[in-house]
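Notes follow the structure.
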Amino acid sequence: MAKKNIFTDAFGNLYFLKRLIIFILGMVSYRRFNGFNKLKISGTENLVDLPDSNVLFVSNHQTYFADVAAMYHAFCAVNNGYLNSIKNPIYLLNPKVDFYYVAAEETMNKGFMTKIFKLAGAVTVKRTWRAEGHNVNRMVDLSEVENIMKALDNGWVITFPQGTTSAFAQGRKGTAKLVKNQRPIVIPIKINGFRRAFDKKGLRVKVTGVKPTMEFKKPIDIDYDKDNAQVIMDKIMVAIEQSEEFNVLHEYDKELKAQKTETEN
């Protein structure tokens, strides 16, 4: 596996350029999370003693970019000693640069801005089940898996195991298989309110006065020897509160259906 050095990250990206991009994007997005809307962060004390590499963050997903941008703010703040707060953006002068996020390749190749976001730390993958709005069925590109492993070997990685911004979508076992093979510390993140505050891309403020939340939970208890991929995925989905027992609307729909059946009979 390739290793970072004092000038570049594991993928050959210049650190000074990453720092500049993170600073600019952080300043541009700051008022979105601490102005127009007030982001409430909790649980960052669970990040303080983590190692510098082989840490995987798993999160539910509500917008393409606002979720990740908010996480950058949180990580940079913790990197400078600010817990559960992004009130002092001075932390952007000393960002956490060995942080990567997994993103769909087709999303990151659309337009100039997304390519800038890509330089901040995206590890792109091709969806095996969806492409350009159509259902597909293609093999996993092993070179992409290798890139995620490289990112883990050299830093922290955020991934969205559902692979979509749709709530309560099924988790993709690729994440669980990666966990099984790489054995990282797995930190779940639960976000809420981003879908209401921002447009789907996360580039435009849709509603002001919203208080999105981001909760960093304790590491998931995983037995890497005994737990199979399905067990690991089930633990992840429960931790990010995307399993069926958290789907209140699903239960409501089932109750309505049962009532309708009872009435008809």
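Worth knowing before you read on, the calculation uses all heavy atoms, side chains too, and leaves out hydrogens, waters and symmetry mates.
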- Side chains of Tyr101 and Thr124: closer than 4.5 Å at any heavy-atom pair? no
- pair Ile220-Pro188: side-chain heavy atoms closer than 4.5 Å: yes
- Task: Would you give the length of the straight line joining atom CD of Gln62 to atom CZ of Phe198, rounded to the nearest 0.5 angstrom?
- Result: 10.5 Å
- Message: Using the ring pair (Phe, Tyr, Trp, His ring centres under 6.0 Å) definition, which of the options Phe99, Phe75, Phe216 pairs with Trp156?
- Response: Phe75
- Item | Side-chain heavy atoms of Asp98 within contact of Asp9, under 4.5 Å | yes
- Query: Do other residues, nucleotides or ligands put more than 12 heavy atoms under 6.0 Å from the CG atom of Asp221?
  - Reply: no
- Between OG1 on residue Thr63 and CZ on residue Arg204, distance to nearest 0.5 Å: 12.0 Å
- Audit row: Lys96, Val78, side-chain contact (heavy atoms from CB on, under 4.5 Å) steps and yes/no: CA-CA 9 Å; Lys96 184 169 184 61; Val78 171; over 6 Å; no
- Query: Can you tell me if CG on Asp52 sees more than 12 non-hydrogen neighbours from other groups inside 6.0 Å?
  - Reply: no
- Task: Would you indicate whether the side-chain heavy atoms of Val125 and Glu105 approach each other to under 4.5 Å?
- Result: no
- Query: Is it the case that more than 12 heavy atoms not belonging to Lys177 sit under 6.0 Å from its NZ atom?
  - Reply: no
- Query: Quick one: does Pro161's side chain get under 4.5 Å of Ile236's, heavy atoms only?
  - Reply: yes
- Query: Should the pair Phe33 and His73 be assigned to parallel (<30°), tilted (30 to 60°) or perpendicular (>60°) ring geometry?
  - Reply: perpendicular
- Message: I'd like to check the side chain to side chain donor-acceptor pair (under 3.5 Å) partners of Lys201; sequence neighbours left out, ordered by chain and number.
- Response: none
- Message: Using 0.5 Å steps for rounding, measure from the CD1 atom of Ile191 to the CD1 atom of Ile41.
- Response: 12.0 Å
- Task: Report yes or no: does Tyr100 contribute a side-chain atom to a donor-acceptor pair with the main-chain N or O of Lys150 at less than 3.5 Å?
- Result: no
- Query: Would you find a donor on one side and an acceptor on the other, under 3.5 Å apart, between the side chain of Asn46 and the backbone of Gly43?
  - Reply: yes
- Query: Once you round to the nearest 0.5 Å, how far does CG of Asn192 lie from CG of Asn60?
  - Reply: 7.5 Å
- Query: Got a sec: does the NZ of Lys40 have more than 12 other heavy atoms crowding it under 6.0 Å?
  - Reply: no
- Pair Lys180 + Asp227, salt bridge at N-O below 4.0 Å: no
- Between CG of Asn181 and CG of Leu152, what distance do you get to the nearest 0.5 Å? 11.5 Å
- Item | Main-chain N/O of Ala239 paired with Lys217 side-chain donor or acceptor, under 3.5 Å | yes
- Query: Are Glu144 and Lys126 close enough that some pair of their side-chain heavy atoms sits under 4.5 Å apart?
  - Reply: yes
- Query: Where the side chain of Gln162 meets the backbone of Ala169, is there a donor-acceptor pair that is under 3.5 Å apart?
  - Reply: yes
- Task: Say whether, by atom type as modelled, one donor and one acceptor occur between the side chain of Lys206 and the main chain of Arg195 under 3.5 angstrom.
- Result: yes
- Task: Please name the residue in the list Val157, Leu50, Thr159, Ile185 that meets the side chain to side chain contact (heavy atoms under 4.5 Å, CB included) test with Phe57.
- Result: Leu50
- Message: Donor-acceptor pair, distance only, cut-off 3.5 Å: does the side chain of Asn37 make one with the backbone of Lys211?
- Response: no
- Whether Tyr64 side chain and Ala103 backbone form a donor-acceptor pair below 3.5 Å: no
- Query: Donor-acceptor pair, Asn94 side chain versus Asn80 backbone, under 3.5 Å?
  - Reply: no
- Task: Answer whether the closest heavy-atom distance between the side chains of Thr44 and Ser42 falls below 4.5 Å.
- Result: no
- Message: Between Asn247 and Gln242, do the side chains contain a donor N or O and an acceptor N or O under 3.5 Å apart?
- Response: no
- Say you draw a straight line from NZ of Lys115 to CG of Leu119; how long is it, rounded to the nearest 0.5 Å? 10.5 Å
- Where do Phe7 and Tyr15 land on the ring pair (Phe, Tyr, Trp, His ring centres under 6.0 Å) test, with the steps shown first? CA-CA 6 Å; Phe7 300 109; Tyr15 275 136; 9.0 Å; no
- Do other residues, nucleotides or ligands put more than 12 heavy atoms under 6.0 Å from Ile90 CD1? no
- Task: Could you tell me whether the side chains of Glu45 and Asn84 share a donor-acceptor contact shorter than 3.5 Å?
- Result: yes
- Heavy atoms, side chains only, cut-off 4.5 Å: are Ile187 and Val58 in contact? no
- Message: Determine whether a donor-acceptor pair (N or O, by modelled atom type, separation under 3.5 Å) exists between the side chain of Asn54 and the backbone of Arg183.
- Response: yes
- Query: Got a donor-acceptor contact below 3.5 angstrom from the Arg19 side chain to the Leu92 backbone?
  - Reply: no
- Is Val205 reachable from Met214 through a run of hydrophobic residues whose side-chain heavy atoms are each under 4.5 Å from the next? yes
